[in-house]
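We count residues from 1, following the sequence as given. Computed from a predicted model, the values in this text were never measured in an experiment. In listed order, ligands and their atoms are each counted from 1.
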Amino acid sequence: MEDGKPVWAPHPVDGFQLGTIVDIGADTLTIEPLNQKGRTFLASMSQVFPAEEDVNKHMEDNCSLMYLNEATLLNNVRLRYNKDHIYTYVANILIAVNPYYDIHKLYGLDAIKTYQGKSLGTLPPHVYAIADKAYRDMKVLKMSQSIIVSGESGAGKTENTKFVLRYLTTTYGSGQDIDERIVEANPLLEAFGNAKTVRNNNSSRFGKFVEIHFNEKNAVVGGFVSHYLLEKSRICMQSNDERNYHIFYRLCAGASEDIKKRLHLDSPDSFRHLKAGALKDPLLDDMGDFNRMCVAMKKIGLDDTEKLDLFRVVAGVLHLGNIDFEETGSSSGGCILKTQSGQTLEYCADLLALDPGDLRVSLTTRIMLTTAGGAKGTVIKVPLKVEQANNARDALAKAVYSRLFDHVVKRVNQCFPFETSSNFIGVLDIAGFEYFEHNSFEQFCINYCNEKLQQFFNERILKEEQELYQREGLGVNEVHYVDNQDCIDLVEAKLVGVLDILDEENRLPQPSDQHFALAVHSKHKDHFRLTVPRKSKLTIHRNLRDDEGFIIRHFAGAVCYETIRFVEKNNDALHMSLESLMSESKDRFVRELFENSIPNKDSKQKAGKLGFISVGNKFKVRVFVKV
Ligand SMILES: Nc1ncnc2c1ncn2[C@@H]1O[C@H](COP(=O)(O)OP(=O)(O)OP(=O)(O)O)[C@@H](O)[C@H]1O
């Protein structure tokens with residue numbers, strides 16, 4: 001940095017501001033802002049960066065900047081964004097800024113044609129250029145390729161994923177309607193897996209990996225979607241200004257009178273699972289979206305019966321949520337259904353083809369199998385308290401809806417079948433690093449996933465590239481980066497990793513979130529990456545006790561996780577009575593949703609308690625085996 005030349009110095013709102021250095025201290029610099037002469041301030045040396053000669057000139061590739069640092073990168077991206085150039089490269093990585101409006105001709109057919117077969121960098125940065133590079137690499141290297149799309153909620157991940165899919169299927173499709181089906185599958189997935197949140201009114205509440213498969217001639221032959229960690233808590237609870245999954249409101253708004261009658265549907269404010277959140281959003285047109293969704297369903301080959309099956313289960317989940325319980329007042333201490341819930345129970349039983357009596361019993365009692373003594377294997381019905389029955393009702397609603405979502409994904413996959421394929425291009429659309437005021441199990445899994453992606457990035461971009469520079473004797477200065485293996489081990493190591501500690505807790509006769517949090521602290525007392533909430537910089541977290549949470553120092557920052565409900569959220573198993581109730585539904589569609597879900601009978605009898613299916617470990621295996 002030279003005297004008198006502009007530099008970028010920290011700014012509380014804009015990130016950085018231009019100024020000149022007027023004095024140099026031991027570790028600080030005195031800066032005079034260019035637009036506020038005479039109002040100097042001190043800035044730490046490590047936060048002041050050299051600015052480009054011409055701060056108004058932008059580059060298509062950040063690597064072409066004379067000085068590449070955080071401030072010049074941000075300025076370059078901002079200059080370009082202001083001119084509607086939302087894409088910028090950093091070598092072969094693409095940065096995209098969400099414009100929140102349709103930029104004229106940016107994605108049309110002409111643009112698709114322009115990018116076909118063109119090397120990266122020969123045309124303005126574009127998501128199509130990345131898609132084409134993946135295709136050409138697949139063809140030349142004869143190897144499957146993957147594109148990772150990452151960013152915070154609302155950044156534009158899903159939209160860009162869709163552009164990649166559209167580009168590949170339009171450009172390298174086989175001309176059959178399979179190409180169209182791959183694109184048309186999105187509205188269906190979004191109807192069941194997206195919701196309005198405070199950050200995005202069409203937020204994907206699940207991660208997905210979409211594979212486009214190609215034959216030996218490198219033409220599209222089919223596709224396959226894998227999904228990860230649908231946010232189940234949303235089914236029974238939303239914050240004031242958020243909503244449940246789109247399908248619930250669309251069905252209430254758009255179904256014909258006949259269907260509404262058959263499904264006993266009313267307005268959203270008559271359902272407990274909807275009325276806690278925002279019922280409407282001025283930017284969402286539930287009725288129009290319902291009609292568009294039906295068109296998409298038809299295009300991907302769903303007939304009226306299949307459509308009605310989906311709607312029936314959605315309605316069943318809504319009615320289930322309206323069932324209320326009250327204490328019996330008897331010495332058994334159990335509960336019964338409130339009288340006014342009788343009709344709702346009938347509706348629910350009708351829609352899910354269950355025996356109303358069995359549903360009533362399954363919601364208010366829990367079946368236990370004895371494991372010892374003379375009466376080994378005897379069935380005992382344990383009455384549930386009101387709170388336990390509420391939990392059982394909600395657990396059932398979540399289980400039914402998430403099985404339905406699994407089914408939707410499975411059904412979508414049947415729309416673009418392929419027998420064999422030579423290679424695929426995969427697009428991973430998964431939430432970026434998350435840090436809210438309250439962070440729970442979902443944030444924990446997402447941030448663990450991002451920690452793994454960061455490691456992949458470190459290895460692939462920083463380590464391997466630098467090794468290449470060294471081999472070729474380029475004499476490029478070494479770029480230092482923080483190895484995050486210790487953080488990954490903290491989460492996934494066998495037995496002592498947080499995921500295994502949590503599984504261990506779930507297997508205890510009386511698992512508790514508090515015991516789990518304490519076990520995490522005791523197993524990692526002096527771990528650099530882990531500490532207790534009272535060490536947080538934020539008061540809100542400092543108020544948590546040691547048995548209520550932990551802080552993990554991630555690559556992107558420290559996050560305080562509140563461990564309340566970690567144990568519950570980590571268990572995908574339903575109480576045995578509810579599980580068997582569903583798998584004995586008189587309706588084939590409902591029955592099949594619960595097929596293969598009953599854990600091995602012997603293991604259950606051995607355990608003599610509720611089966612356990614680990615959500616955390618399922619997530620760990622599924623995300624990283626695929627990518
Ligand atoms: N390239 C784009 N052009 C125009 N609008 C866009 C573009 N990218 C995103 N948007 C707008 O921003 C909204 C949010 O984008 P998107 O749903 O892709 O975000 P996301 O990163 O996938 O968020 P989440 O993680 O919450 O699912 C879109 O519904 C769309 O209205």
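- Atom 5 (N) of ligand 1 has its closest protein heavy atom at N98 OD1, 3.9 Å.
- Not less than 6.0 angstrom separates the ring centroid of F555 from the ring centroid of F457.
- For atom 25 (O) of ligand 1, the closest heavy atom belonging to the protein is K157 NZ, 2.8 Å.
- The shortest N or O to N or O distance between G156 and ligand 1 is under 3.5 Å.
- The proximity of P99 to ligand 1, defined as any non-hydrogen pair under 4.0 Å, is limited to the side chain.
- Looking at heavy atoms from C-beta onward, Q455 lies out of side-chain contact with L453 at the 4.5 angstrom threshold.
- In N200, the part holding a heavy atom less than 4.0 Å from any atom of ligand 1 is the side chain.
- Between H126 and Y87, the two ring planes are tilted [angle within 30° to 60°].
- Residue S203 places at least one N or O, backbone or side chain, under 3.5 Å from an N or O of ligand 1.
- When non-hydrogen atoms are compared, ligand 1 lies under 4.0 Å from the side chain of Y107 (C-beta onward) but not from its backbone.
- Considering both main-chain and side-chain atoms, T158 comes within under 3.5 Å of ligand 1 through a nitrogen or oxygen pair.
- Checked against the 6.0 Å centroid threshold, F405 and F206 count as a close aromatic pair.
- Residue contacts with ligand 1 include A155, since one of its heavy atoms falls under 4.0 Å from the ligand.
- By the 3.5 Å distance cut-off applied to N or O atoms, D429 is not counted among the residues near ligand 1.
- Nearest protein neighbour of atom 23 (O) of ligand 1, counting heavy atoms only, is G154 N, 2.8 Å.
- If you number the atoms of ligand 1 from 1 as listed, the ones under 4.0 Å from a heavy atom of N202 come out as 17 (O).
- Nearest protein neighbour of atom 29 (O) of ligand 1, counting heavy atoms only, is E159 OE2, 4.0 Å.
- Nearest protein heavy-atom neighbour of atom 4 (C) of ligand 1: Y101 O, 3.2 Å.
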Problem set entry | Derivation of the salt bridge (charged side-chain N to carboxylate O under 4.0 Å, His left out) call for E568 and K398 | CA-CA 12 Å; E568 175 203 320; K398 288 184 216 171; 3.3 Å; yes
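- Between S233 and F441, the closest side-chain pair of non-hydrogen atoms is not below 4.5 Å.
- Using a 4.0 Å threshold on non-hydrogen atoms, atom 31 (O) of ligand 1 does not count as touching the protein.
- Surrounding NZ of K208 are more than 12 heavy atoms belonging to other residues, nucleotides or ligands, all under 6.0 Å away.
- Heavy atoms of E152 found under 4.0 angstrom from ligand 1 belong exclusively to the backbone.
- Scanning the protein heavy atoms around atom 27 (O) of ligand 1, the nearest turns out to be S204 N, 2.8 Å.
- Distances between N or O atoms of I86 and those of ligand 1 include no value under 3.5 Å.
- Within the structure, every pair that satisfies the salt bridge (charged side-chain N to carboxylate O under 4.0 Å, His left out) test and touches residues 187-207, not counting sequence neighbours, is listed here: E152-R199, K162-E190, K196-D281, R205-E231.
- The line from CZ of F192 to NE2 of H407 is 8.5 Å long, rounded to the nearest 0.5 Å.
- Just one of F566, Y561, F444 meets the ring-ring contact (aromatic ring centres under 6.0 Å, His included) condition when paired with F516; it is F566.
- Taking 4.5 Å as the limit, every side-chain heavy atom of C560 sits out of range of all side-chain heavy atoms of L538.
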